[in-house]
Amino acid sequence: MRVYYCAAKQDLILRSPPKAGVSKDGHEDTATKCDSPALAGEGWGGVSPQNDPLYVEAAPTRIAPSMQSDLRASSARLDPAGGEGKKSIGPPSTFHFSGIGLGDKLRSLGRSAGQPPAFVAILMQTKRQTALSISLVLAAVLAAAPLRAQQAQTAAGNEIRIGNVMPYTGPLAAFATIGRAEAAYFDMVNEHGGINGRKVRFVSVDDSSNPKIAMEQTRDLVEKKDVLLMFGSFGTPSNLAVRKYLNENKVPQLFVASGDEAWAHPVTFPWTMGWQPTFRAEGRIYANYIQAAYPSRKIAVLWQNDQFGRDLFKGLQEGLGDTAGMIVADLAFDASETAIQNQIGILKNSGADILVFDGAPAIAARAIRVAADLDWHPVFILDNASASIASALRPAGLQNSLGVISTSFLKDAGDASWKDDPQIKAWLAFMDKYYPDGDKDDIYAVFGYAAADTLMQVLRQCGDDLSRENIMRQAASLKDYQSPIALPGIVINTGPKDFRPIKQMRLVQFDGNAWQPIGDVIDSAFTAVREDN
């Protein structure tokens, strides 16, 4: 017989050594499987020591065959859980002792079996040796855990693993172009040698715009895929769902694809940083434009009933200030809605001359088309997130979209004024080679390219120190960096107290083919950068 120790139960058991086949009585050998209901009920689960890493064999100890009959007889005094006065229903070659009062029970067993104290000493020595062995094994395991964590906290070998969550399916699937463009960008980077000699492994997964799925996917990327950082994940609800988890685990959550102000709190959430101008600032820009170009005109607002929609609407009201009474009607809709006719009809009947739309591209297309069908032609102001020719204006009808006003901070490849621009030429070549299935009229492809370029600048600044701490340090050290695809005059600046990389936008108007600029670049940071709250 041999002595085994279960770390999970802190129990010693005595069992026959392994042997093939079946025992003499025709039953399956108990050394390879324990089918005792009592033992299974105690947590052994029918798994033998030979198959369970929690069991450690005290190999030097052997129980002489002449002792086994006495031990079997004595085992009747002990039940499988170590209780006295109950007959064991385990197989006769298996003995199970509780760790509670183990020494006394072993001594009692030794005395009742007529064995000398040396027998008890052997068993107790086995317990000590086994416990020491387990301690050494556990120490090795625990020592390996920080090493693995440390490897995940810096670039592994010649590879930089970057995680990303996108709505490749669901009502906001139009924004998945951002993730596809980013993946194509890193393919281009890898073909040119990578970043500081390391290749980028960009792992982008789908969450269908579901925060719960986003949480599951993010955990998987961090804990199983060992990504170094999360980058450019889309949407306010999904990113809010994972922000606390990523900050607690000190994983960078960089350049979030959302204009919420929640990504700019460097004291409370030092591992989270946004990228684009905020929705709230965008709303203020529209307010200032309305006040300058259409004073005293009535305003209607159709806004998406979520954090994104509320932020832009709030900025619009703040920007209007004392003239917020110009808003004569506003209606909210859910992102999953497919019909918008009733809302547009109500807003038309309000007598508004201006319609501010604040929602996703698919509904924006319907709103533009329905307004035209109702022969309502207000000044149509469209949020930047839906200012995509491919995803909103073309589905709405280019003629219906004529005159639509929005904002931009990136160049429009379809704008004839950029046809000779070397950076637009490079972007078009990039699309042809690395993203041939992409639509060159889709502003989200430009967005993904520009965001990925910003991350590459951060990683270049990191040099050979690709620790998570240094990545955040460099992300907060961008000075007057201009993405090659950004509009002239729009630069990226960050600092330890400034987690708002892009603070400028430009008003644009659709001429039926491309977006044309209105006026100069507008600084969207109408208020000084606040201390974290």
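- Inspection of the Asn190 and His192 side chains reveals no N or O donor paired with an N or O acceptor under 3.5 Å.
- Between Lys433 and Glu191 there is a salt bridge, since a side-chain N of the basic residue sits under 4.0 Å from a carboxylate O of the acidic one.
- Summarising the geometry of Ile471 relative to Val458, their closest heavy-atom pair is O-CG1, 3.7 Å, with the distance given to 0.1 Å.
- The side chain to side chain donor-acceptor pair (under 3.5 Å) test applied to Asp306 returns Gln304, not counting sequence neighbours.
- With sequence neighbours excluded, the residues forming a ring pair (Phe, Tyr, Trp, His ring centres under 6.0 Å) with Phe409 are Trp275, listed by chain and number.
- Ion pairing between Arg394 and Asp439 holds under the 4.0 Å rule for side-chain N and carboxylate O.
- Ion pair Lys348/Asp375 not flagged as a salt bridge, since none of the NZ, NE, NH1 or NH2 atoms sits closer than 4.0 Å to an Asp/Glu carboxylate oxygen.
- Judged by distance alone, the side chains of Thr278 and Asp311 never bring a donor and an acceptor atom under 3.5 Å apart.
- Between Gln253 and Val242 the shortest heavy-atom distance is NE2-CG2, 3.6 Å.
- Aromatic ring pairs are classed by plane angle as parallel below 30°, tilted from 30° to 60° and perpendicular above 60°; the pair Phe186 and Phe231 is perpendicular.
- Between the side chains of Thr169 and Asp206, at least one donor N or O lies within less than 3.5 Å of an accepting N or O.
- Aromatic ring centroids of Phe430 and Tyr435 lie 6.0 Å or more apart.
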Test Asn470 against Gln474 for side-chain hydrogen bond (donor to acceptor under 3.5 Å, both in side chains), laying out the working first. CA-CA 6 Å; Asn470 192 42; Gln474 297 306 320; 3.3 Å; yes

Check: residues 333-344 side-chain donor-acceptor pairs under 3.5 Å, at least two apart:
from: Glu337; atom 1: OE1; to: Gln343; atom 2: NE2; distance (Å): 3.1
from: Glu337; atom 1: OE2; to: Asp334; atom 2: N; distance (Å): 2.9

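- Closest non-hydrogen pair, Tyr168 versus Ala173, comes out as O-CB, 3.8 Å.
- Residues meeting the side chain to side chain donor-acceptor pair (under 3.5 Å) test with Asp511, sequence neighbours left out: Gln516.
- Ring geometry for Phe313 against Trp303 counts as tilted: the plane angle lies between 30° and 60°, on a 0 to 90° scale.
- For Lys225, the NZ atom sits in a packed shell: over 12 heavy atoms of surrounding residues, nucleotides or ligands are nearer than 6.0 Å.
- With no hydrogens or angles considered, a side-chain donor-acceptor pair links Gln291 and Thr323 at under 3.5 Å.
- Closest of all the heavy-atom pairs between Pro395 and Arg369 is O-NH1, 3.0 Å.
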Going through the checks in order, is the side-chain hydrogen bond (donor to acceptor under 3.5 Å, both in side chains) test met by Asn239 and Ser258? CA-CA 8 Å; Asn239 278 288; Ser258 160; 5.9 Å; no

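- A search for side chain to side chain donor-acceptor pair (under 3.5 Å) contacts involving Tyr245 returns Glu223, not counting sequence neighbours.
- Under a 4.0 Å N-O distance rule, the pair Asp437/Arg180 does not qualify as a salt bridge.
- Partners of Asp480 according to the side chain to side chain contact (heavy atoms under 4.5 Å, CB included) rule, which considers only residues two or more places apart in sequence or in another chain, are Val491, Asn493.
- Of the charged side-chain nitrogens involved, none lies within less than 4.0 Å of a carboxylate oxygen, so that Glu469 and Arg473 do not count as a salt-bridged pair.
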